[in-house]
Amino acid sequence: MAAPNDDDSAFRSLLTERGSRLLAELAGHDPADEIALATRLRRDHPAELVSAALRQARLRQRAAAKFGADAARMYFTPEGVEQATRSSVAEHRAARFARLGVRRLADLCCGIGGDAIALARAGIEVLAVDRSPLACAVARANAEALGLADRIEVRCADVTQVNTAGFDALFVDPARRSARGRTFDPEMYSPPLSWAVATVRQAPLAALKVAPGIPHSAIPRGAEAEWVSDRGEVKEAVLWFGRGAGNPAMRATLLPGGHTLTGTGLETAETGPVGRYLYEPDGAVIRAHLVAEVAKAVHGRLVDPAIAYITSDELVSTPFATAYEISDVLPFNLKRLKALLRRRAAGTVVIKKRGFAVEPDELRRRLKPRGPGSVTVILTRVAGAPTMLLGRPAP
C-alpha cells in the first residue's frame, strides 16, 4: 500500500467545509478567467487550497462527458478522469450483473469508484478495493457525495491479497498504463492478466476488463468476450467468466440502445460486387469478428474478403451498421473525384476509408470542395482494387 503524499493532503482539504464552499463558488467557472479568479480567491483562502480547488473544478468539467450531471458533485484525479468507465457503459455492466442475481460484489482496482457507483445504484453491495490511498479517498468521497456510502465499502489494499470468498461476483479492472504510458502487453497490466484470469476463475461469476484491442488469441478458454460501443465509439472490452459467460463466446453491445449481437467470431461471408447499398458495421461488431452475422442479416456480401464493408441490393434496417445509398463506384482517381464533386456542387464532403492509405483531412484539402451540396466519399478496396464509392446516408 502506498504512503500518503501531498496530493492526498490537497484532496482532503477539499472535503473540509471551506473547501466545499470554494468548490461551489467555482462551479461553472470560465477557464479563460482562471488567472484573475485565482488572484481574487487567494486574498481570502490559502494558495494551496485555491490551487487544489481550481484543479478539481477543471477535472469536473472534463468528467462531465463521462459522468453527466453527477460530475458536478463528484471528485476526480487526472488519471481517474481518463481511465474511469463512462457511466453509460458502467450502468450497462451493472445491469447485467443485477440480472444475473448478484447481490454482493468485489470491485478490484476500483480507481475513483465509477463502476462501484453504477453497481450500487443497481442494488448491489460493493467492496471497492484499490492500492492507491488517493484513489480510495476519492472513491469514498464519491460514494458519500452521491448518497451511496451505505452500499459501497472502500478498502485500501493490494488486490492480490484480498480474500474474495463469499462474494457473488468479482469485477476486475487492471491498470493498463504504466509510467511509460499505455501498455498493450496483457502481462504488463497491473496486476497482470494471468493473475486476474486465475482469480476470476475461482468466482461463480466474474467480469474482467481488458483493452479493446485484445487479440482473440489472448481470450481465455471458456470466457465470453464482449465489446461495448457508445454512440458509435468502441469504449471497452470485458471478459465474462462462470455463469456470466454466454455461448457463443463473442458479443457486441451497442449503447445507448442496448442492442446485442452474438456469434462465434469464426463465421465468414461471401464477397461480391458493390450493390445499391453499403453497410459500415459498428466498431464493436468488427472487434468481435461478427461482420458475417451482420452480412447475413442484411442479405449482403463483403466488397472485399479483408475489408469490413458489406454491400446489398436492398435496404435492411439494422442497429449494427450504418447504411449508405451508393450512386457511383469508380476506380480511385483524384482528378475524376474532384470533377464529380464540382459537378455536384458538393461543399460538404464526408470522407470514410477502410483499407486505403489516405488521410481524410489531407484529401479534403486537395479536393477543395465548394457548393451547397453534400456527398459521402468512401475509399476502400473492392476485390483488391482501390475504389471510390460516392453516395449519401440511406434514408
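In this chain, residues are counted from 1 in sequence order. All heavy atoms count here, side chains included; hydrogens, waters and symmetry mates do not. Model, not experiment: these values are computed from the prediction.
Contact check for S190 versus P174: no side-chain heavy atoms found under the 4.5 Å cut-off. Residues I310 and V291 meet the side-chain proximity criterion, which asks for heavy atoms closer than 4.5 Å. Proximity of L290 to E267: side-chain heavy atoms (C-beta onward) are nowhere separated by under 4.5 Å. Looking at D70 and S87, their side chains never come closer than 4.5 Å, going by heavy atoms from C-beta outward. In this structure, the side chains of P331 and T387 stay at 4.5 Å or more apart for every pair of heavy atoms. Considering only heavy atoms from C-beta on, T253 comes within 4.5 Å of H92 through its side chain. Taking the side chain as every heavy atom from C-beta outward, L170 and T164 approach each other to under 4.5 Å.
Contact detail for A90 and T85: the closest heavy-atom pair is N-CG2, 3.6 Å. Considering every non-hydrogen atom in both P220 and V197, the closest pair reads CG-CG2, 3.8 Å. Across all their heavy atoms, V238 and A207 have their closest contact at CG1-CB, 3.7 Å. For the pair P133 and D8, the tightest heavy-atom approach, listed with the atom from each and the gap, is CB-OD2, 4.0 Å. Nearest heavy-atom pair across K66 and A84 is NZ-O, 2.6 Å.
The cationic atom of R62 (NZ for Lys, CZ for Arg) does not lie both less than 6.0 Å from the six-membered ring centre of F67 and within 45° of the ring axis.
A salt bridge links E34 to R58: one of the charged nitrogens lies within less than 4.0 Å of a carboxylate oxygen. Under the 4.0 Å criterion applied to side-chain N and carboxylate O atoms, E91 and R93 are not assigned as salt-bridge partners. Using a 4.0 Å cut-off between charged side-chain N and carboxylate O, E280 and R354 make a salt bridge. Using a 4.0 Å cut-off between charged side-chain N and carboxylate O, E236 and R86 make no salt bridge. A salt bridge does not link K296 with E293: every distance from a Lys NZ or Arg NE/NH1/NH2 to an Asp or Glu carboxylate oxygen is 4.0 Å or more. Between R103 and E125 there is no salt bridge, since no side-chain N of the basic residue sits under 4.0 Å from a carboxylate O of the acidic one.
Within the 3.5 Å criterion, the main-chain N or O of A284 finds no donor-acceptor partner in the side chain of S229. Judged by distance alone, the side chain of K209 and the main-chain N or O of F171 form no donor-acceptor pair under 3.5 Å. Put simply, the side chain of R104 never gets that close to the backbone of A169: no donor and acceptor are under 3.5 Å apart. The backbone N or O of P273 sits less than 3.5 Å from a side-chain atom of R301, completing a donor-acceptor pair. One N or O on the side chain of R151 and one on the backbone of G123 form a donor-acceptor pair closer than 3.5 Å.
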Might you work through the ring-ring contact (aromatic ring centres under 6.0 Å, His included) test for F320 and Y279, ending with a clear yes or no? CA-CA 9 Å; F320 300 108; Y279 296 83; over 10 Å; no
Verdict with reasoning, S132 to D130, per side chain to side chain donor-acceptor pair (under 3.5 Å): CA-CA 6 Å; S132 163; D130 202 283; 4.6 Å; no
Could you please spell out the steps behind the side chain to side chain donor-acceptor pair (under 3.5 Å) verdict for H45 and E25? CA-CA 12 Å; H45 303 282; E25 187 175 347; 4.7 Å; no
Show your reasoning for whether side chain to side chain donor-acceptor pair (under 3.5 Å) applies to S51 and R42. CA-CA 9 Å; S51 296; R42 283 175 181 141; 3.1 Å; yes
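Outside the 6.0 Å centre-distance limit, the rings of Y277 and Y324 are not counted as a close aromatic pair. The distance between the ring centers of W240 and F97 falls below 6.0 angstrom.
At most 12 heavy atoms of other shown residues, nucleotides or ligands fall within 6.0 angstrom of atom CD in E17. Remark: E314 CD is packed, more than 12 non-hydrogen atoms of other residues, nucleotides or ligands lying under 6.0 Å away.
The same ILVMFWY cluster, assembled from side-chain heavy atoms under 4.5 Å apart, contains both V159 and V200.
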